[in-house]
Novice: 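Pasting a structure here, questions to come.
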Amino acid sequence: MGRKSRVKTQKSGTGATAVVSPKEMMNLISDLLQKCSSAAPSPGKEWEEYIQIRGLVEKIRKKQKGISVIFEGSREEFFPELMAWAQESGASCEGVEIANFAGEGFGLRATKDIKAEELFLWIPRTMLMTVESAKNSVLGPLYSQDRILQAMGNVTLALHLLCERADPSSPWLPYIKTLPGDYDTPLYYEEEEVHHLLSTQAIPDVLSQYKNTARQYAYFYKVIQVIQTHLTTSKLPLKDAFTFDDYRWAVSSVMTRQNQIPTEDGSRVTLALIPLWDMCNHTNGLITTGYNLEDDRCECVALQDYKENEQIYIFYGTRSNAEFVIHNGFFFQENAHDRVKIKLGVSKSERLYAMKAEVLARAGIPSSSIFALHCSDPPISAQLLAFLRVFCMTEEELKDYLVGEHAINKVFTLGNTEFPVSWDNEIKLWTFLETRAALLLQTYKTSSQDDQCVLENPDLSFHSRVAIQLRLAEKQILEKVVASGKARRLHFQQQQEEGAPLPRYEESDISLLENAEADTKLPLILRKLQEEDEEGDDQAAVERVLAQVQQLGQGNAARELASLIVNGDGGKVVVNGNGTDASPVLEVGVDASLNQEASKKVSLTSLDAGQSASPAQEEDGMVAKFTTPDAADAADPATTQEQEGQMENRGDKATASLSQEVDVDLSAERTGDVPNVNSV
């Protein structure tokens with residue numbers, strides 16, 4: 001057993017730089033809340049706002065230095081205590097142990113040979129920290145009266161974690177003491193380290209993540225002071241020790257580890273932290289963790305064969321490296337699912353808009369959406385191929401797919417590489433893609449060669465290295481798209497020049513679609529579209545893109561296409577900010593109406609489906625009306641949009657005082673596939 005820890009609260013005079021009066025601290029908190037709740041900055045001013053918010057946060061952190069709850073002893077000293085607690089609680093962990101792996105940190109190691117698909121670990125519900133356990137804890141009275149907590153389970157988990165950490169008798173202390181003391185999420189980056197992320201797809205979410213975290217902290221700091229004054233029956237253990245660093249730690253702990261599990265009756269899903277299992281590190285593969293409703297436990301089977309003393313991995317989900325960096329704090333070099341986002345749409349002012357929108361609708365594709373450019377070959381999905389084909393169709397081609405012979409079945413071929421619409425259509429779409437990727441590359445301030453040179457510096461900080469690796473990876477994907485687009489354009493030009501016969505669709509060819517490769521051949525209408533629907537009628541953006549295309553001199557085909565596309569940001573990639581910031585993850589193949597009769601075992605994937613956003617990002621549309629927290633109305637959360645992938649450990653318009661009536665809008669501005677939460 002590791003040494004028994006003592007919870008210690010450091011206060012001013014035992015490490016703090018100075019004694020700070022409550023009034024002085026409240027003034028600083030009010031300034032921070034007001035700054036974080038002001039109107040969104042104008043385009044191009046986001047970095048300036050971030051610097052201002054960061055300056056206020058640093059002032060608060062300086063005043064709070066030495067005021068925090070800490071544990072005596074190192075993290076690894078408490079691993080034996082965690083293992084003993086797990087065994088006493090009914091977990092099965094005889095075949096694993098916690099070990100330190102060079103370059104990857106702590107993880108799980110096999111203590112015996114384990115076969116692929118063998119059940120090697122299960123964790124009972126009694127060990128989990130969940131939104132339900134928070135309701136039944138000291139946080140319960142506040143939860144029952146605060147609409148923000150009711151609507152945002154991840155924020156509830158963060159405060160639950162802090163309350164239990166401060167309680168020497170908490171049943172979860174064996175778990176909490178083994179959590180990292182700090183993280184590598186962008187919340188922990190220095191200013192110059194964040195600067196390396198400028199121009200990357202991650203930067204909008206990184207900046208909003210910091211702003212939202214600061215806003216939430218300031219809001220709950222005030223709420224906690226009010227609750228201590230008005231609710232004498234419930235004294236939260238955070239009144240004397242609730243620092244920004246505390247909240248940043250809790251947010252990062254939840255962000256890198258939260259997962260969705262079914263509630264005890266199986267009727268819905270809830271967020272949870274899963275001790276021990278969340279020690280597993282990530283690798284490519286498949287989701288191998290599920291929730292057994294009958295035995296009421298989280299179960300994990302081996303992803304592959306493991307020999308004794310080998311590290312055991314799990315698959316966090318199909319997250320891009322931008323999502324890994326933002327929500328988990330690491331860059332995965334061998335990421336088979338890395339991608340960058342591209343926002344495309346058919347302009348509503350375009351003459352053929354109605355016809356194109358109808359063909360797209362029949363294929364199950366919105367007329368404006370955020371798509372992905374992948375690191376794999378081909379770099380585009382069947383959905384994006386279908387969109388571009390329709391986008392580039394002539395009026396006659398559109399008529400053929402709307403009312404021509406076999407029109408209904410031909411729609412199924414739009415995402416099939418074996419059935420081009422026409423040689424000219426293929427030339428146009430690949431010319432456009434080549435041009436668009438080239439334009440996106442121009443938004444970066446450094447070249448791939450520049451980044452590679454910087455990465456050779458052995459003195460580069462870990463955070464800076466991760467940021468530059470991400471920046472380089474995005475460029476490499478775009479460079480690959482440029483090369484792929486050019487190669488395919490030249491290929492189809494040759495086909496056209498040689499008068500090659502165009503493959504024609506026959507009704508019997510539907511069998512080809514049904515038996516072909518899943519991602520590129522199946523009828524689009526049968527697959528879930530993963531790209532986010534966006535409106536796209538910004539003509540100013542169209543003009544900017546057209547001008548850029550003309551400057552590149554890519555030819556008439558590119559100019560013709562550019563006049564039709566709506567990119568929203570005129571060349572800037574729009575991040576699909578993955579709100580759910582989860583860690584190792586259970587793949588939620590969970591039905592909204594789970595029940596024990598219908599499903600005794602739930603297959604879960606990293607919060608991918610319907611997962612919750614991180615505390616720093618699940619604020620979209622959140623508006624709450626307060627006089628004091630005990631007068632808050634009940635929230636009516638509405639979550640929308642599923643998410644692409646997930647994973648593991650490494651992981652706003654408010655004014656003045658809560659003593660007066662305050663409209664608190666904890667809304668975040670982002671374009672992501674994170675659920676939006678709205679309150680009345």
Side-chain angles (χ1 to χ4, degrees), residues 36 57 64 68-69 128-140 142-143 146-167 170 172-173 175-177 179-183 185-188 208-224 227 236-239 241-260 270-275 278 326-329 579-583 607 611-619 622 624 629 635 637 648-652 666 668 674-675 677:
C36 292
V57 167
Q64 293 175 336
S68 188
V69 172
L128 312 185
M129 295 188 73
T130 66
V131 173
E132 280 60 42
S133 66
K135 295 178 189 178
N136 296 320
S137 72
V138 67
L139 192 63
L142 177 58
Y143 180 92
D146 189 285
R147 289 192 299 173
I148 307 301
L149 292 180
Q150 292 167 9
M152 300 173 68
N154 35 33
V155 173
T156 299
L157 273 183
L159 292 180
H160 184 28
L161 189 60
L162 286 174
C163 288
E164 297 304 318
R165 188 181 70 162
D167 180 5
S170 170
W172 289 287
L173 276 186
Y175 168 59
I176 297 172
K177 288 183 293 188
L179 293 174
D182 52 39
Y183 290 86
T185 62
L187 291 175
Y188 284 82
S208 64
Q209 182 187 70
Y210 193 90
K211 178 180 180 179
N212 295 338
T213 301
R215 178 171 51 219
Q216 290 167 7
Y217 170 70
Y219 167 76
F220 280 107
Y221 185 95
K222 287 195 165 190
V223 167
I224 287 171
I227 209 72
L236 292 179
L238 303 180
K239 180 175 173 60
F242 182 52
T243 67
F244 178 83
D245 284 358
D246 288 335
Y247 190 66
R248 176 178 64 172
W249 171 84
V251 165
S252 294
S253 295
V254 172
M255 187 163 55
T256 58
R257 285 170 160 74
Q258 70 178 355
N259 286 275
Q260 285 185 331
T270 188
L271 291 178
L273 299 179
I274 307 174
D278 64 11
I326 295 167
H327 306 300
N328 300 97
T580 348
D581 323 339
S583 76
L607 292 184
Q611 65 199 78
S612 277
S614 69
Q617 294 196 349
E618 195 186 355
E619 298 183 357
M622 175 67 65
E648 181 216 8
N649 342 305
R650 268 315 180 244
D652 299 69
L666 295 180
V674 188
V677 180

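One is the number of the first residue; the rest follow in order along the sequence.
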Novice: Check whether the side chains of T270 and E132 place a donor and an acceptor atom closer than 3.5 Å, and report yes or no.
Specialist: yes
Novice: Taking the ring of Y217 and the ring of F242, is the distance between their centroids below 6.0 Å?
Specialist: yes
Novice: Could you tell me whether the side chain of L179 reaches within less than 4.5 Å of the side chain of R257, counting heavy atoms only?
Specialist: yes
Novice: Work out which heavy atom in T130 is nearest to a heavy atom in H160; give both atom names and the distance.
Specialist: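 Minimum heavy-atom separation between T130 and H160: O-CD2, 3.7 Å.
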Novice: Got S133 and L128 here, is their nearest side-chain heavy-atom distance under 4.5 Å?
Specialist: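 S133 vs L128: side chains apart.
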Novice: Go through the side-chain N and O atoms of Y143 and Q150 and say whether any donor and acceptor fall under 3.5 Å apart.
Specialist: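 No, no side-chain donor-acceptor pair sits under 3.5 Å.
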Novice: So, the side chain of W249 versus the backbone of P180: is there a donor-acceptor pair under 3.5 Å, distance only?
Specialist: yes
Novice: Tell me if a side-chain donor or acceptor on T156 pairs with a main-chain N or O of L149 at a distance below 3.5 Å.
Specialist: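 Yes.
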Novice: Decide side chain to side chain contact (heavy atoms under 4.5 Å, CB included) for L238 and F220; before the verdict, give the C-alpha distance in whole Å, the side-chain angles of both, and the deciding distance to 0.1 Å.
Specialist: CA-CA 10 Å; L238 303 180; F220 280 107; over 6 Å; no
Novice: Relative to the ring of Y210, is the ring of F244 parallel (under 30°), tilted (30 to 60°) or perpendicular (over 60°)?
Specialist: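 Ring orientation of F244 relative to Y210: tilted.
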Novice: Would you say the side chain of L161 lies within less than 4.5 Å of the side chain of I176, judging by non-hydrogen atoms?
Specialist: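 Yes, side chains in contact.
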Novice: Specify whether Y188 and Y183 have parallel, tilted or perpendicular ring planes, treating 30° as the upper limit for parallel and 60° as the lower limit for perpendicular.
Specialist: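 Rings of Y188 and Y183: tilted, 30 to 60°.
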Novice: Short question: side chain of N212, backbone of S208 - any donor-acceptor pair under 3.5 Å?
Specialist: yes
Novice: Can you list the steps and then say if D182 with R248 is a salt bridge (charged side-chain N to carboxylate O under 4.0 Å, His left out)?
Specialist: CA-CA 9 Å; D182 52 39; R248 176 178 64 172; over 6 Å; no
Novice: Flag the pair L236 / L142 as yes when at least one side-chain heavy-atom distance between them is below 4.5 Å, and no otherwise.
Specialist: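 Yes - at least one pair of side-chain heavy atoms lies under 4.5 Å apart.
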Novice: For the backbone of V155 and the side chain of Q216, can you confirm whether one donor and one acceptor N or O come within less than 3.5 Å of each other?
Specialist: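 A pair under 3.5 Å: no.
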Novice: Considering non-hydrogen atoms only, spot the tightest contact between L162 and A250 and give its length.
Specialist: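 L162 and A250 have their closest heavy atoms at CG-CB, 3.7 Å.
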Novice: Give the minimum heavy-atom separation between Y175 and I274, together with the two atoms involved.
Specialist: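 What the structure gives for the nearest pair is OH-N, 4.5 Å.
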Novice: Closer than 3.5 angstrom, by distance alone: can the side chain of D167 be matched with the main-chain N or O of C163 as a donor-acceptor pair?
Specialist: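 No.
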Novice: Within a strict 4.5 Å, meaning less than it, do heavy atoms of the E164 and L173 side chains meet?
Specialist: no
Novice: Can you name the nearest heavy-atom pair linking M255 to I326, along with the distance?
Specialist: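 Residues M255 and I326, closest heavy atoms: CE-O, 4.0 Å.
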Novice: Answer yes or no for R165 and W172: cation-pi contact, defined as NZ/CZ to six-membered ring centre under 6.0 Å and angle to ring axis within 45°.
Specialist: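 No, R165 does not lie over the aromatic ring of W172.
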Novice: Would you check, one step at a time, whether the test side chain to side chain contact (heavy atoms under 4.5 Å, CB included) holds for Q64 with D245?
Specialist: CA-CA 9 Å; Q64 293 175 336; D245 284 358; over 6 Å; no
Novice: What residues, two or more places apart in sequence or in another chain, satisfy side chain to side chain contact (heavy atoms under 4.5 Å, CB included) together with A218?
Specialist: I29, L32, L33
Novice: With no hydrogens and no angle check, just 3.5 Å: does a side-chain donor-acceptor pair link T185 and S252?
Specialist: yes
Novice: Picking from V254, L271, L273, what satisfies side chain to side chain contact (heavy atoms under 4.5 Å, CB included) with M129?
Specialist: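 Going through V254, L271, L273 one by one, the side chain to side chain contact (heavy atoms under 4.5 Å, CB included) with M129 is satisfied by L273 alone.
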Novice: State the CG-CD1 distance between L159 and I224, to the nearest 0.5 angstrom.
Specialist: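 Reported to 0.5 Å precision, the distance equals 6.0 Å.
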